[in-house]
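These figures come from a predicted structure and were not determined experimentally. Chain letters run A, B, ... following the sequence lines, proteins first, then strands; residues in each count from 1.
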Number of protein chains: 2
Amino acid sequence: MRIGELAQLTETTPRLLRYYEKQGLISPRRAANGYRDYDDYLVDRVLQIRGLLDSGLPTRIIKQILPCLGTPRTIHFADATPEMLATLESETERMTRRIECLTHNRDAIREYLGVVKSLSEPVREPVARVFEPSA
Amino acid sequence: MRIGELAQLTETTPRLLRYYEKQGLISPRRAANGYRDYDDYLVDRVLQIRGLLDSGLPTRIIKQILPCLGTPRTIHFADATPEMLATLESETERMTRRIECLTHNRDAIREYLGVVKSLSEPVREPVARVFEPSA
DNA sequence: CTGGACCTTGACACGTGTGTCAAGGATAAA
DNA sequence: TTTATCCTTGACACACGTGTCAAGGTCCAG
């Protein structure tokens, strides 16, 4: 498929797809006329990239972990240098820390929302109520 | 405490602490001489901010969710406008998506690392081995 | 009192991800 | 054939988080 279609399917823009390519995240073929030609599996790939970017990982890291994310699983031994493995290991640790942080804070927000709702729900008719701000 | 001490305790820099203040994330008192004076609880606060920033949340969002994160729990009804609550709700959803993305990809990397290790571990003596790159 | 360590504000600069625009080529439909 | 739509590359610009530096104030130890 061409760049516009992939952009629509992944809710991105052609601009970004070209940027990801320049960062080495995707490498589409070229048609005879010079147009980029994307395989179908790149839809998932791009969505994966978007998710990771949104989760705080820079393209430099995403580029390194992408070989681990293939489906079907293809192990690239050429990439598996000791330094590379160490990078991956430390990166999974950072990801774990991020997951913990996000989970903890999300749950705190949920609890907050739960309390606020439980206080406002019982009001069934337009009743005058005054909430004193705690500050 | 003063800015330098807080910076050390949170592994940041005075520069960043002033930046977070300008973004409205923290509001230290001022001593008579103009120096910022930070309460102890701000250590955790700053660590929280750092974690969220590293997880992809912008200061604009962090500022909005910080009131939910107080310990002990202090509900600020003044902040609980309907739009605010909607923002928080949609933000928890984004956080959930981030968590899922990070977890999924972290586990994929772990599996990859597991396979690579299981293939290289059995080598106990320096044996000549050739791994054909899959590319 | 002087030196050093710390604080203040303000400015300039950088990397990264993204938006937008210009100038031109490819292609398909009227 | 013209027109519209898509593609190409390249450039300029922006927001954001961060580093660094300058010029000066505060304070403590020697």
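- In this structure, the side chain to side chain donor-acceptor pair (under 3.5 Å) partners of A:R29, at least two apart in sequence or on a different chain, are A:D37, A:D39.
- Between A:Q8 atom CD and D:dC7 atom C1' there is a gap of 15 Å when expressed in whole angstrom units.
- Across the protein-nucleic acid pair, A:K22 atom NZ and D:dG10 atom C1' stand 8 Å apart, rounded to whole Å.
- With sequence neighbours excluded, no residue satisfies side chain to side chain donor-acceptor pair (under 3.5 Å) with B:E100.
- Terminal axes of the helix from C:dC1-D:dG30 to C:dA30-D:dT1 (five pairs each, C1' rotation axis) are separated by 0°, to the nearest 10°.
- In this structure the side chain of B:I109 reaches within 4.5 angstrom of the side chain of A:M95, judged on heavy atoms.
- For the pair A:L6 CG and D:dC7 P, the computed distance is 10 Å after rounding to whole Å.
- Residue pairs meeting the salt bridge (charged side-chain N to carboxylate O under 4.0 Å, His left out) criterion with at least one member in residues 1-15 of chain B: none, sequence neighbours excluded.
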List the atom pairs, with distances to 0.1 Å, where a side-chain N or O of residues 101-108 of chain B and a protein N or O form a donor-acceptor pair under 3.5 Å, not counting sequence neighbours.
unit_1: B:T103; atom_1: OG1; unit_2: B:I99; atom_2: O; d: 2.7
unit_1: B:N105; atom_1: OD1; unit_2: A:Q48; atom_2: NE2; d: 2.8
unit_1: B:N105; atom_1: ND2; unit_2: B:C101; atom_2: O; d: 2.8
unit_1: B:R106; atom_1: NH1; unit_2: A:T96; atom_2: OG1; d: 3.0

Worksheet, complete the sentence: Quick tally for nucleotides 23-30 of chain C: nucleotides whose base has a protein heavy atom under 4.0 Å get B, sugar-phosphate-only ones S, the rest -, giving --BBS---

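- For B:D54, the side chain to side chain contact (heavy atoms under 4.5 Å, CB included) test picks out A:R94, A:R98, with sequence neighbours left out.
- Put simply, B:R30 has a side-chain N or O that comes within less than 4.0 Å of OP1 or OP2 on C:dT9.
- Computed from coordinates, the B:I3 CD1 to D:dT26 C1' distance equals 15 Å when rounded to whole Å.
- In this structure, CG of B:D37 is placed 15 Å from C1' of D:dT26, rounded to the nearest angstrom.
- Atom CG of A:D54 and atom P of C:dG17 are 13 Å apart (whole Å).
- Evaluation of the side chain to side chain contact (heavy atoms under 4.5 Å, CB included) rule for B:D44 yields no partner, not counting sequence neighbours.
- Legend: residues meeting side chain to side chain contact (heavy atoms under 4.5 Å, CB included) with B:L47, ordered by chain and number and at least two apart, are B:T10, B:V43.
- Atom-to-atom, CD1 of A:I61 to P of C:dG17 comes out at 11 Å; the value is rounded to the nearest Å.
- At the heavy-atom level, A:R36 lies under 4.0 Å from the strands shown only through sugar-phosphate atoms.
- For the pair A:L88 and B:V116, the minimum side-chain heavy-atom distance is 4.5 Å or more.
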Do any side-chain atoms of residues 19-28 of chain A form donor-acceptor pairs under 3.5 angstrom with protein atoms, and if so which ones, sequence neighbours left out?
unit_1: A:Y20; atom_1: OH; unit_2: A:R50; atom_2: NH1; d: 2.6
unit_1: A:E21; atom_1: OE1; unit_2: A:R36; atom_2: NE; d: 2.6

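- The closest side-chain heavy-atom distance from B:R45 to B:L42 is below 4.5 Å.
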Discussion item. Generate the contact string for nucleotides 12-24 of chain D. Rules: B means base contact, S means sugar-phosphate contact only, - means no protein heavy atom under 4.0 Å.
Written reply: ----SBBBB----

